[in-house]
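To start, the structure under review is shown below, and the notes come after it.
Throughout, numbering of the chain's residues begins at 1 and tracks the sequence. Being a predicted model, the structure only gives us computed values, none of them experimental.
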Amino acid sequence: MEVNQYLEMFIEESKDHLQACSEHLLELEKNPDDLAIVGEIFRSAHTLKGMSATMGFEDLADLTHKMENVLDAIRNEKIHVSPEILDVVFESVDHLEEMVMDIANGGDGKRDVSSTVAQLKRIELGEEAISEVVGTTETPTIAVASALEYDGFEQTVISQSAEQGFNAFEISVKLREDCLLKAARVFMVFEILEKDGEVIKSSPSVEKLEDEQFDQQFYVAFVTKESAEDMQKKIMKVSEVEEVIVAAIELKQHSETEQAIQEVAATATVDVAIPEKNTEAPKPAAVAAPAKADKSHAPVGNKTIRVNIERLDILMNLFEELVIDRGRLQSIATEVNHGELNETVERMSRVMGDLQTIILTMRMVPVETVFNRFPKMIRQLSRDLNKKINLEIIGAETELDRTVIDEIGDPLVHLIRNSVDHGIENPTARLAKGKPEEGTVVLRAYHSGNYVFIEIEDDGAGINREKVLAKAISKGIVTQEQSYSMSDKQINELILASGFSTADVISDVSGRGVGLDVVKTTIESLGGNISIESTQDVGSVFSIQLPLTLSIISVMLVEIEKEIYAIPLSSIIETSIIRSSEIMNAHNQKVIDFRGKVVPLVFLEEIFEVPRKEPQGDEFHSVVIVRKGEKLAGLVVDSFIGQQEIVLKSLGNYLTNIFAISGATILGNGKVALIVDCNALIK
């Protein structure tokens, strides 16, 4: 089979299964007696193993198999969960993640995991005698009884069928471990059975078989005129079926002794839940083929498809051109003022609005896809550093564009490691400072205007202002004269400077500078920026501002001396007309009283150095009130033009870092308008 075409799907699904393993392992550590959680981890591991074997990544499949053995021993209560065992399983998941990332980067997924494998084997071999009792071999499964039990009604059906010349069989079907479409194979088996007889019941249930909630084996009770040998041959014709066992049903086997049940179980080595007794069947055909089953009570599957992000980029670019043409068409329709044309343009605008919402939503991903990796990382760092740390995650549902999500993970890892390693003190030091023994790291995300803010806050040691300044001066990053006029915020952010990261910084300056220049570079390459607020012995807040990178945004168009600017609607609270007499001065800053709050005014003509033909002497000023988090500012313009949806275009490589401008757009009349970055104007 040509597997390259499935590689991207394999990588994405492997990441999902490993993430699920990590999350459930953290739950298991808090609830070590909850075997249902172990079952969830086992299922994810089992699926990953089968996928890896199918794709030919044997090292990945082998390590997953060894981890699966340990999980199976836990869920069958042969061994009990302990922090030491979980450490090894977590380590296994880490190795698996690295293998998958290597494959994603074009590698073969091979990695030296002999130490971890040896530890997994030691855990498994510690219960070897019990494993032999239950009849397991290399496959991590437990022997169970015939998986099918019959109530009085079903026994009557089987007896009456025998009296009428039918054969009653229990059929055990085992699929290959590398079977990709288990539900499809189940359907094909049921299709064969329905042609030759009637299905009485199955284990697992039809709903679980449809949703692939079983390992490799399932059981069916079946009445037919055909012989056992013929049925066995027919089912074996189904692709990817490894083994079929057809045994005659003898009712006394299921009612006399437990010993007889164990004899039947000798042919089965899979973990199967005994189903609830079925008393609803009005005739022998109590179970239909999966495709025909009543789904009224079945769990609703998540109907999704994976789409390459490049295709979405192409779709977005094409739609952007439509938006520009729509603006032009609206402008023409206004000039012509033709009834039918106006009606058509309005209808087209509504349809395009719906289409736009769908396209933008398709690209948005919750930041929890990045945040989910951090609880496991915090757990490991806490154990390595002998610290007690509580991680709080706020706003994980906040959505970001997929392209930003893919890039932001590594900078966040670096910042959180710094907070944990060098920000949070050890328990003894914290108690000496009057702090609680357990440190807290808060990971927070929220929208503000056309941006998403991600903050990493800790209640640790903070940044030592004097040591940072001394180190920066010694490295030549700032001069002694410059340092006299620097604010605390500017000094804190010196640790982001290139060249500040040196080995002795780790001990001298709380390790805060290690690699943070790389973090800053990565964030700025995404069109964002990073700022730091810190108080010594109280804690620090690293704040990352990232653009949503939505290519199409709603804006308020404003005019300043014939120049048109666009202000993102998501940043605007309201617009207002104020008298010149309402403007006051406070600390060399012009301000107004806005609903009881002192709001600073920003004159855009000064910021953008707009040339005036003649001085403005108006008694009234047009003001756009904008916000950044809790902070407000009033942008003073000449006039408001109106609301419009525009396409956000980059200024290109030659016009980078233009203050307070986040991009440009082409208006319906063909003119270019610059887009104002409100967050840069609010201090």
Side-chain angles (χ1 to χ4, degrees), residues 316-317 320 323-324 327 400-401 403-404 447-453 493 520-531 543-573 575 589-590 600-612 616 621-629 631-683:
M316 177 61 80
N317 290 334
E320 287 171 4
V323 171
I324 293 172
L400 255 175
D401 190 275
T403 52
V404 178
H447 283 119
S448 178
N450 202 35
Y451 290 85
V452 166
F453 285 81
E493 291 175 8
K520 181 182 180 185
T521 302
T522 303
I523 291 169
E524 288 181 346
S525 72
L526 295 171
N529 62 62
I530 180 171
S531 61
S543 182
I544 300 171
Q545 174 187 322
L546 293 166
L548 287 172
T549 65
L550 297 183
S551 298
I552 301 167
I553 58 174
S554 295
V555 297
M556 166 73 77
L557 295 179
V558 298
E559 191 174 39
I560 305 171
E561 191 66 28
K562 304 300 181 184
E563 291 185 9
I564 297 175
Y565 293 87
I567 301 174
L569 216 59
S570 53
S571 294
I572 298 175
I573 296 178
T575 58
Q589 168 73 56
K590 290 184 177 180
L601 292 179
V602 178
F603 289 80
L604 291 187
E605 64 173 287
E606 297 174 4
I607 298 294
F608 300 132
E609 300 178 1
V610 179
R612 292 282 189 189
Q616 288 287 99
H621 296 277
S622 301
V623 179
V624 182
I625 306 295
V626 295
R627 70 177 173 190
K628 171 187 176 183
K631 298 177 181 177
L632 303 179
L635 309 185
V636 181
V637 299
D638 288 358
S639 61
F640 311 127
I641 296 175
Q643 181 180 335
Q644 189 171 321
E645 286 185 335
I646 53 97
V647 176
L648 177 62
K649 294 288 187 182
S650 156
L651 293 178
N653 296 328
Y654 294 105
L655 296 173
T656 57
N657 299 322
I658 303 297
F659 177 70
I661 296 294
S662 59
T665 188
I666 302 171
L667 300 175
N669 58 10
K671 293 183 179 179
V672 173
L674 296 177
I675 301 168
V676 179
D677 178 5
C678 299
N679 291 302
L681 298 172
I682 302 176
K683 298 177 182 178

Legend entry - From Ser639 atom OG to Leu557 atom CG, the distance as rounded to the nearest 0.5 Å: 10.5 Å

Inset, instruction - Please examine the side chains of Met556 and Ser571, heavy atoms only from C-beta on, and report whether any two atoms are closer than 4.5 Å. - result: no

Legend entry - Flag side-chain contact, heavy atom, 4.5 Å: Val626 against Val676: no

Inset, instruction - Taking the side chain as every heavy atom from C-beta outward, state whether His621 and Leu601 have any atom pair closer than 4.5 Å. - result: no

Inset, instruction - Determine the minimum heavy-atom distance between Glu561 and Val610, stating which atoms define it. - result: CB-CG1, 3.7 Å

Inset, instruction - Kindly compute the distance separating CG (Leu635) from OH (Tyr565), expressed to the nearest 0.5 Å. - result: 12.5 Å

Inset, instruction - Tell me, please, which residues at least two apart from Gln589 pass side-chain contact (heavy atoms from CB on, under 4.5 Å). - result: Val591, Pro600

Inset, instruction - Could you pull out all residues at least two apart from Glu605 that satisfy salt bridge (charged side-chain N to carboxylate O under 4.0 Å, His left out)? - result: Arg612

Inset, instruction - Heavy atoms only: give me the nearest Ile661-Asp677 pair and the separation to one decimal. - result: N-CB, 4.1 Å

Legend entry - Closest heavy-atom pair and its distance - Ile682, Arg627: CD1-C, 3.5 Å

Legend entry - Residue pair Ile607 / Ala660: nearest heavy atoms and the distance that separates them: CG2-CB, 4.4 Å

Legend entry - Minimum-distance pair of heavy atoms, taken over all atoms of Val555 and Pro568: CG1-CA, 4.0 Å

Legend entry - Beyond-backbone contact of Glu563 with Phe608, side-chain heavy atoms, under 4.5 angstrom: no

Legend entry - Separation between CG of Leu400 and CG of Leu546, rounded to the nearest 0.5 Å: 6.0 Å

Legend entry - Heavy-atom pair with the smallest gap, counting every atom of Val452 and His447: CG2-CD2, 3.2 Å

Legend entry - Interatomic spacing from NZ in Lys671 to CD1 in Ile564 - rounded to 0.5 Å: 6.0 Å

Inset, instruction - Please step through side-chain contact (heavy atoms from CB on, under 4.5 Å) for the pair Leu667 and Gln644, ending with a clear verdict. - result: CA-CA 9 Å; Leu667 300 175; Gln644 189 171 321; 4.2 Å; yes

Inset, instruction - Nearest 0.5 Å please: distance from the CD1 atom of Ile530 over to the CD1 atom of Ile544. - result: 5.0 Å

Legend entry - Verdict with supporting geometry, Thr575 and Val558, side-chain contact (heavy atoms from CB on, under 4.5 Å): CA-CA 11 Å; Thr575 58; Val558 298; over 6 Å; no

